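Take a look at the structure below.
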Amino acid sequence: MRSLCLLLLALFAPLAAQAASNPYQKIENCRWKADRWDDGDSFHVTLTDGNELILRLYFVDTCEEEKKYADRIRDQGAYFGIGEEETKALGRAATVFTRDALAKPFTVWMRWHKALGRSKQDRWYAMIITADGKDLAQELVRNGLARIYGTRTVLWDGRTSKQYNDRLAELEAEAKREKIGGWR
């Protein structure tokens, strides 16, 4: 019996270590689901099993569209150096961009960490890889539709949040130089 336990431990210890070092779950073939409260960085998705989730992107923040979030609109507008109406328009553009980017089935990487915010419904932090292999958060920043914002976490592929944020900063600098999106 002891030798069987040792054999099982030897077989499964590497798998357990791998799972502990990479707590992300990869969920493929997800679909965007239209909802009144979707925006560029927080949206509803349907999984292949029919379950629905609300996801919030790690590392970025898109502008609000609703006047009731006036404090956030001021803060987001200040980041881009634009006024309230331009900020809300930028939020609408980010929502359309995300909807279009997620028109085909996409991949979600998540750790089942609840996203912070004012929503009364559970939202989960996630990273999204589009059907054409692009990172949605990076594409939002590259197109001047999101600010760099968020939490620290190690990514599913081993990169640190610093490495990821450094890449976002490069993309943001390019968008600023090219005066794309909110960077006019």
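Computation of the quantities below employed the complete heavy-atom set of this structure, encompassing side-chain atoms and omitting hydrogens, waters and symmetry-equivalent molecules. These numbers come from a predicted model, not from an experiment. Counting begins at 1 with the first residue of the sequence.
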- Any idea which heavy atoms bring L57 and Y125 closest together, and the distance? O-CD2, 4.2 Å
- Quick one: does Q163's side chain have a donor or acceptor within less than 3.5 Å of a partner on T160's backbone? yes
- Task: May I ask you to say whether E84 pairs ionically with R74, meaning some side-chain N is under 4.0 Å from a carboxylate O?
- Result: no
- Message: Measuring from atom CZ of F97 to atom CZ of R142, what distance do you get when rounded to the nearest 0.5 angstrom?
- Response: 9.0 Å
- Which heavy atom of G77 sits nearest a heavy atom of T87, and at what distance? CA-OG1, 3.2 Å
- Query: Using the ring of each side chain (for Trp, its six-membered ring), is F59 parallel, tilted or perpendicular to Y164, with breaks at 30° and 60°?
  - Reply: tilted
- Message: What I want to find out is whether D75 reaches R147 closely enough, with some N-O distance under 4.0 Å, to be called a salt bridge.
- Response: yes
- Would you check, one step at a time, whether the test side-chain contact (heavy atoms from CB on, under 4.5 Å) holds for H113 with Y58? CA-CA 10 Å; H113 284 174; Y58 273 118; 3.8 Å; yes
- Message: Tell me whether Y149 shares a hydrophobic cluster with L55, the cluster being built from Ile, Leu, Val, Met, Phe, Trp, Tyr side chains joined at under 4.5 Å.
- Response: no
- Between K26 and V108, is any pair of side-chain heavy atoms under 4.5 Å apart? no
- Message: Any side-chain to backbone donor/acceptor pair from N143 onto E139? Under 3.5 Å, distance only.
- Response: yes
- Message: Counting neighbours of CZ on R92 that are heavy atoms of other residues, nucleotides or ligands and sit closer than 6.0 Å, is the number greater than 12?
- Response: yes
- Please determine which of E174, R177, K176 meets the side chain to side chain contact (heavy atoms under 4.5 Å, CB included) test together with W183. K176
- Note on the structure: In short, G144 meets A175 closest at the heavy-atom pair N-CB, 4.1 Å
- Message: Using a 3.5 Å distance criterion without hydrogens, assess whether the side chain of T98 forms a donor-acceptor pair with backbone atoms of G40.
- Response: yes
- Closest non-hydrogen contact found for I54 with S42 is CG2-OG, 4.0 Å
- Straight-line distance of W156 CH2 to T107 OG1, nearest 0.5 Å: 9.0 Å
- Item | Atom pair CD1 (I148) and OH (Y79), whose distance is rounded to the nearest 0.5 Å | 4.5 Å
- Should I180 and V60 be counted in the same cluster of Ile, Leu, Val, Met, Phe, Trp and Tyr side chains packed under 4.5 Å apart? no
- Query: Do L47 and I27 have side chains that get closer than 4.5 Å, going by heavy atoms?
  - Reply: yes
- Starting at CG of D135, measure out to CD1 of I129 and round the result to the nearest 0.5 Å. 4.5 Å
- Task: Write down the atom of L90, the atom of C63, and the distance for their closest heavy-atom approach.
- Result: CD2-SG, 3.8 Å
- Query: Is there a path of hydrophobic side-chain contacts, each under 4.5 Å between heavy atoms of I, L, V, M, F, W or Y residues, that connects V96 with W37?
  - Reply: no
- Task: Please answer whether the main-chain N or O of H44 pairs with a side-chain N or O of D38 as donor and acceptor at a distance below 3.5 Å.
- Result: yes
- Item | Interatomic distance, L145 atom CG to D61 atom CG [nearest 0.5 angstrom] | 12.5 Å
- Task: Determine yes or no for a side-chain-to-main-chain donor-acceptor pair under 3.5 angstrom, with D41 supplying the side chain and T62 the backbone.
- Result: yes
- Distance-only donor-acceptor check, side chains Q25 and W109, under 3.5 Å: no
- Message: Looking at G83, is its backbone amide N or carbonyl O close enough to the side chain of E86 to form a donor-acceptor pair, meaning the two atoms are under 3.5 Å apart?
- Response: yes
- Message: Rounded at 0.5 Å granularity, tell me how far CG in D166 sits from CG in L171.
- Response: 11.0 Å
- Task: Could you go through the salt bridge (Lys or Arg N to Asp or Glu O under 4.0 Å) check for E64 and K88 one step at a time?
- Result: CA-CA 6 Å; E64 302 298 332; K88 291 189 295 186; over 6 Å; no
- Task: Indicate yes or no for a side-chain donor-acceptor contact from T130 to the backbone of K134 under 3.5 Å, with no hydrogens or angles considered.
- Result: yes
- Considering non-hydrogen atoms only, spot the tightest contact between I73 and E66 and give its length. CD1-O, 3.2 Å
- Carboxylate-amine/guanidinium proximity below 4.0 Å for R72 and E65: no
- Beyond-backbone contact of D100 with W32, side-chain heavy atoms, under 4.5 angstrom: no
- For the residue pair R31 and V45, establish whether any side-chain heavy-atom pair is separated by less than 4.5 Å. no
- Query: Does the ring of Y24 carry R111 above it, NZ/CZ under 6.0 angstrom from centre and within 45° of its axis?
  - Reply: yes
